[in-house]
Structures are given as structure tokens and as C-alpha cells.
Asker: 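Mind having a look at this structure? Questions to follow.
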Amino acid sequence: MLNFKEKVIDILEREVDSLSRDEFSALIETPPSYDMGDYAFPVFRLSKVFRKAPNLIAEELANKFTDNEYFEKIENNGPYVNFFINKAKLVETVMKEVVSKGEKFGSSNLGAEKTVIVEYSSPNIAKPFHIGHIRTTVIGNALYKIYKFLGFNTIAINHLGDYGTQFGMLISAYKKWGDREVIEKDPINELLKLYVRFNSEAEEHEELRDEARYWFKELENGNKEAYSLWEWIREISLKEFSKVYKMLNIEFDSYAGESFYSDKMPRVIDELNAKGLLKESDGAYLVDLEEYDMPPALIQKSDGSTLYTTRDITAAIYRKETYDYYKNIYVVASQQNLHFKQWFKVLELMGYDCAKDCVHIPFGMVSLEDGTLSTRKGRVVFLEDVLNKAVESTLKIMEERNPDLDNKEEVAKQVGVGAVVFQELFNQRIKDYVFSWDRTLSFDGETGPYVQYTHARANSLLEKGGFNIEDSVNYELLLSEDEVNIIRMIYDFPNIVVDAMEKNEPFFITRQVVEIAKGFNKFYNSSQIIVEDEETKKARLMLTYVVKNTIKVGLGLLGIEAPNKM
RNA sequence: GCGCCUGUAGCUCAGUAGGAUAGAGCAACGGACUUCUAAUCCGUGUGCCGGGGGUUCGAAUCCUCCCAGGCGCGCCA
């Protein structure tokens, strides 16, 4: 697509030779308001070179520039040289690009087939999939889609929490109080009950904990009984999780969880040892990181069993050998910042160059109004319930407003689930928030349903107006302020997708999609789209199409459906 | 105690790798549907940008100290 910023740089370059293209690119900005121009070049940096007041420099520069096919006006405003895009050229550029690319609008081969691993979701087996898991799941999925869209060979890994001492507890508890039939009926809840009971009894009977550790050790040693119990628990849990994944429309390329690395860890421990990194301490083994101002990384417990640090290191090495990743991304809560910092360092100390390609993408905490989430204390909101409730609310609204709609159930699912996902991807990852039903179930203003509604509205216009993508359009008919504003935002869309990838922040896309929807709704309310005049109608329908398409692409990258009717 | 993160309007948050008058949504109030889906649109106002000091032509943005909240700190994940 034609790059107007490059054109600005071309022009500047001709008159100013003290700055490089990259420097120009970094300096050029967007004015606070479009009636001040589309691009602005602040000249402050030049005042030392030219030994003149910024205002004068800007004025002189602006006078040297003549209008051309890309810019209809170049003038200074105080110390800024402002460039006004040739609107017809902009409209034409954007329209042609979107029409030719369709649902690939904004995609690229930037990734050049380089492999990017996104590890996300990773729930713990035998524990409920609750609201706390939504962030990693939804952010990870969006990143996965964004990288893929930009030409990376992307692999989604669900690093299931299917190993560790907790399974010792579970096996131990099951052997004492478990009933297979009862569990089969309601796996997660029953397993959770066992887990909670075990923990509360262990408060008084310390020896239970030893028993749990014993069973985990047995599991690692390949004890048949322990293994088959574990396998069964894993299977029924996964079945439960898949319900949520299905609602969210998420699939993984690999479910290689912690257990997968069980037989690969000894090699790594040997390697750590051979490289002289392991230190014995009270019977346990660790890597001392004092030199790097970090507490030590525990590699092996005093009973010989492993820890998740060991598994993470092993997984990173395994993935390097298996996928040869360019980037290995972990979408995991910010609480684990230190953990990642530690084991990235260990990997580096082992001499693995790929340590620098491992990135932790942290996100803030979700809490409930009455405190932090706690499975054991019963302070949980199940993700499935949240999604179902959102769908229910949607259905209720649809009964009121559009009762004759076909496949209401399906649309309600798309909108309800979309609302939850959208909400999650609306802000920076790092922010903590308190879960609130009110906020989750509000569908007005800057929300998923708002954007989806705009999409459906656009679609309805295209159908009613008899839109034909082959129609030729007179772009001169789309130069009103509202129209150009919409076009500008669509023009920016591809760059925003790249920003989202570079900063691993899907919310850039969420915000842009909202802005486009707002712009279109404003236009819709002030201008008739299906009008008598054929030429005008065709042009406006084309604009409608371009909006609809971009919203659809944007929502798609976020993992949200765009129904045609709602 | 040490480390990391957060602090912008009544609430929830944007603020583009320092720039031109700090913006949205929600909530409140008033208006727009015999006319393309009113989950929409238009209007009304609110800010010691947590506080002090500093760097700069210019700071919500960078540095520093302080305050408040969250998270983390060897055998859980």
C-alpha cells in the first residue's frame, strides 16, 4: 500500500541533509487534530544546525515545498511543518488495497516463516478453569493470531499443569476417599473437593504431605498405579477444559504440558551438573544467582523430585531442538516475573543462545470484589459460567430487539462470548482489575457488541443496497470529513497490527477497531448511505464494505466472531 | 527488609518510544427513530496527570526522592 509517511520523508530529505531517513521517521508525528494536517514535522532539532528560531525554520521549509500528487497542502504552523494528505489519493489507496486484499487486509510476510511459539492458557489439571485463566487464554490466542497474520510460522502450546506435587496430593486423596463413578459425573468439582479436603486434613496431619510427596515421586518413577490414575485424571480434566476452548473457538497445536518433559529432565540436570552450575544445599540442588542479584533457582528437591523451573528449562531446550524458534513466548501472569528472569538466566549460563529469544509476556491480576481468587477458599468464578451468563444476557437483549432473527442461539454465543473476550483485550495487559459482573455484562459504548453491531449494520446496508465489489467507484464522492476520518483509521490499521505484534499488546487492535466503528456510526447517523444517486450510493457502499471488512479482520485477530446479523 | 509493577475526570481506562488546547467510555442531564438495525447518534463538564525536586526550548511521558496500592523473594505452580 502507498506509504504517505515515506513520501513526507522523501520531501524533507530533499531540503534537510542533517538527518537520516530513520531520524525523520522517528520525528514525524500526527498533529493533535486533522485540521492541522496529517503529518507534522517538528523542527526543533534543526534549530541548532540552522541557528535560527524554530518558527522561522518551519516557515522557510514549508515555503520551499510545493504541493504534489500526495499532498494538497504543506504549511507551517509555528515550529511545525504540517503535511495535508491529498484526500482523494488517500481514499483511492485505501479502497483499492482493501478490495484487493479482502480478509487479508493488514497481513504481511513480515515474519518470513520464522517460527514463533506462543505458550498460553496452561490450566492446572484437576482444578477449575476459572476467571483467572481468561487473561492468558485470550491474550495468548490473540497474539497467536496476530503473529500468524504477519507471516510467522506460529505454534500454540498449551503447557498443561499436569505434573507436580499437587498430583501426589490428588493420588493420595483419591486412594483414601475417592470414588471413580462420582468423579466421572462431575470431574472438576469432585477432584477439587478431594484436593481441598486433602489440604485441610493436612493442616492437622503433617504426615499427609509426606505421603503426597511420596506419590509424586512414585509418579515420576513410573509407578503403574500412580501413572494410570494420573492419566485418567488428566483425560477427564482435559475434556472439561475443551468445553471452554470450544466456546472460545481456540485450538492448540500442542498440549505438551509439564508431564511431557518428565523423561527429558535428567539429561538437563546432568548437563547443569557437568557445566558446574549446580550447587547442593540441604540435600536440594540449585543454581546460585547471587551474582545477578537474584535468589537461587531450585532445580531439584531434597527428595530427588523436580520443580517447575526444571521443567521450563527443559521445555525451552526441547522446543529449540524441535521447532528451532525465532521467539519463544510465554503468556503468564506477572506474579511469575522473577521465575522467568531466573530460569532465562540459567538457560543463558548453560550456554544456550536461545535464552535471548525467550520472552515472558506478563499480565496483571484478576481479583474478586471480596478478595483474591482462591480455589481452596471457594472464591472462584468459573469461566464457563461467565461465558454462559454473557450468552444468556445477549439472548435476552436479542429477544427484545430482534426476535425474528434466525439461529439466535449461535449469534448470542458469538456476541456474548465476544463481549467477554473484547473486554479482556481492551486495556494494557499489565493492569490489574477486579472482576465485575456489571462490567462484563454491559454491552453499551466501547464494547464488543458495539463493534459487532456496527459490523452487522454495515452488512445489512451492503445487502439492502445491492453492493457489488466489482463496481467502479468515484472516490471524489468520499471526501467529507466523516468519510476521510474513517478512511484514515483504516489506512492506519496495518501499522497498528504490527505495533500490536511488536509490543505484544493486542489491545492496540481492539482500540482501533472501536475507533473505526465509532467513525462509521457517526457517518451513518448523519448521512444516508443508500441514496437515489447511483454514483453516491456506490461510493458509500464501498466505504461501508471497507469498514465492515476491517472490523471483521480486526475482530478475527482478537479471536472474536463478526456475525452478519444480530 | 529487598526487588518488580501500578497511580490521569465520580468510576473504568487511552494518551502513539518528550512536543502544538490532556482524551474516550460508563454514570448524570437534555435531545434525535412514519426514513438504510436506537446494542446507535448529537449536545452539556469535570482534571494540584499521587507528591516534591531535577533534566529540557518543551515533561502525564525521562532521572531522583517520597507516599499509596498490588505482586514476588530455596524445596507449590
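Predicted, not measured: the structure shown is a model, and the values here were computed from it.
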Asker: For A/Thr30, report the nucleic acid contact type (base, sugar-phosphate, nothing); a contact means any heavy atom under 4.0 Å.
Answerer: base

Asker: Determine whether any donor atom in the side chain of A/Asn521 lies under 3.5 Å from an acceptor atom in the base of B/rA38, or the reverse, and answer yes or no.
Answerer: no

Asker: Which nucleotide, B/rC36, B/rG72, B/rU40, lies nearest any side-chain atom of A/Asp444?
Answerer: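 Output: B/rU40.
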
Asker: Nearest to the side chain of A/Lys301, heavy atoms from C-beta on, is which of B/rC36, B/rC76, B/rA39?
Answerer: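 The answer is B/rC76.
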
Asker: Using the ring of each side chain (for Trp, its six-membered ring), is A/Tyr330 parallel, tilted or perpendicular to A/Phe340, with breaks at 30° and 60°?
Answerer: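 Tilted: the ring planes of A/Tyr330 and A/Phe340 meet at 30° to 60°.
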
Asker: Taking the same atom, C1', in B/rG23 and in B/rA9, what whole-Å distance lies between them?
Answerer: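 Rounded to whole Å, the distance is 10 Å.
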
Asker: Flag the pair A/Tyr34 / A/Phe84 as yes when their ring centroid distance falls below 6.0 Å, and as no otherwise.
Answerer: no

Asker: Tell me whether B/rG30 sits syn or anti, counting syn as a glycosidic angle within 90° of 0.
Answerer: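 Judged by the O4'-C1' to base torsion, B/rG30 sits in anti, the angle falling more than 90° away from 0.
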
Asker: Checking side chain to side chain contact (heavy atoms under 4.5 Å, CB included) between A/Leu541 and each of A/Val546, A/Thr536, A/Ile529, which is the one that passes?
Answerer: A/Ile529

Asker: For the side chain of A/Lys345 and the backbone of A/Tyr292, is there at least one donor-acceptor N/O pair under 3.5 Å apart?
Answerer: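 No, the answer is negative, given that no donor and acceptor are paired below the 3.5 Å cut-off.
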
Asker: Side chain of A/Ala40 only, heavy atoms from C-beta on: which candidate in B/rA20, B/rG15, B/rA24 is closest?
Answerer: B/rA20

Asker: Is it possible for you to check whether A/Arg429 lies under 6.0 Å from the centre of the six-membered ring of A/Phe507, through NZ or CZ, and within 45° of that ring's axis?
Answerer: no

Asker: How does RNA chain B look in dot-bracket form if you count Watson-Crick and G-U pairs under 3.5 Å, write [ ] for pairs that cross, and put | where a base pairs with another strand?
Answerer: (((((((..((((.....[...)))).(((((.......))))).....(((((..]....))))))))))))....

Asker: Using only modelled atom types and a 3.5 angstrom limit, is any donor from either the side chain of A/Ser302 or the base of B/rC75 paired with an acceptor on the other?
Answerer: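 Side chain to base: pair found, below 3.5 Å.
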
Asker: Strictly below 4.0 Å: does A/Lys431 bring a side-chain N or O up to OP1 or OP2 of B/rG7?
Answerer: yes

Asker: Do the two ring centres, one from A/Phe443 and one from A/Tyr450, sit under 6.0 Å apart?
Answerer: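 Ring centroids of A/Phe443 and A/Tyr450 are no less than 6.0 Å from each other.
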
Asker: On the 0 to 90° scale, with breaks at 30° and 60°, tag the A/Phe241-A/Phe129 ring pair as parallel, tilted or perpendicular.
Answerer: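 A/Phe241 and A/Phe129: perpendicular rings.
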
Asker: Between B/rA24 and B/rG45, how far is it from one C1' atom to the other, in whole Å?
Answerer: 14 Å

Asker: Distance between the C1' atoms of B/rU35 and B/rC29, in whole angstroms?
Answerer: 28 Å

Asker: Using the P atom as the reference point in each nucleotide, state the distance between B/rC62 and B/rA17 in Å, no decimals.
Answerer: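 Each nucleotide's P atom is 12 Å from the other's.
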
Asker: Give the nucleotide from the list B/rA39, B/rC36, B/rU21 with an atom nearest to the side chain of A/Ser33.
Answerer: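 The nucleotide sitting nearest to the side chain is B/rU21.
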
Asker: With rounding to the closest Å, how many angstrom separate the C1' atoms on B/rG72 and B/rU12?
Answerer: 26 Å

Asker: Given that A/Tyr39 and A/Met566 both sit by RNA chain B, which one's nearest nucleotide is further toward the 5' end?
Answerer: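 First, find each residue's nearest nucleotide; the 5'-ward one identifies A/Tyr39.
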
Asker: Base, sugar-phosphate or nothing for A/Lys565? Non-hydrogen atoms, less than 4.0 Å.
Answerer: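 Counting heavy atoms under 4.0 Å across all strands, the contact made by A/Lys565 includes a base.
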
Asker: Using a strict threshold of under 4.0 Å (side-chain N to carboxylate O), is an ion pair present between A/Glu201 and A/Arg197?
Answerer: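 The answer is yes: the pair qualifies as a salt bridge.
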
Asker: Which listed nucleotide (B/rA39, B/rG15, B/rC36) is nearest to the side chain of A/Gln428?
Answerer: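 Side chain of A/Gln428 sits closest to B/rG15.
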
Asker: For the C1' atoms, the ones on B/rC49 and on B/rU44, what distance do you get once it is rounded to whole angstrom?
Answerer: 24 Å

Asker: Nearest to the side chain of A/Lys464 - B/rC36, B/rC13, B/rC41?
Answerer: B/rC36

Asker: May I ask you to decide whether A/Glu29 forms a salt bridge with A/Lys5, counting only side-chain N to carboxylate O separations under 4.0 Å?
Answerer: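 Salt bridge between A/Glu29 and A/Lys5, a charged N being under 4.0 Å from a carboxylate O: no.
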
Asker: Side-chain N or O of A/Gln342 less than 4.0 angstrom from OP1 or OP2 on B/rG74?
Answerer: no

Asker: If we take the P atom in both B/rU56 and B/rC63, what is their distance in whole Å?
Answerer: 16 Å

Asker: Quick check for you: among B/rU40, B/rC41, B/rA20, whose closest atom lies nearest to any side-chain atom of A/Lys522?
Answerer: B/rC41

Asker: If you measure from the C1' atom in B/rG25 to the same atom in B/rU8, how many Å do you get, rounded?
Answerer: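 Approximately 15 Å lies between the C1' atom of B/rG25 and that of B/rU8.
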
Asker: How do A/Glu29 and A/Ile430 order along RNA chain B: which one's closest nucleotide is nearer the 5' end?
Answerer: A/Ile430

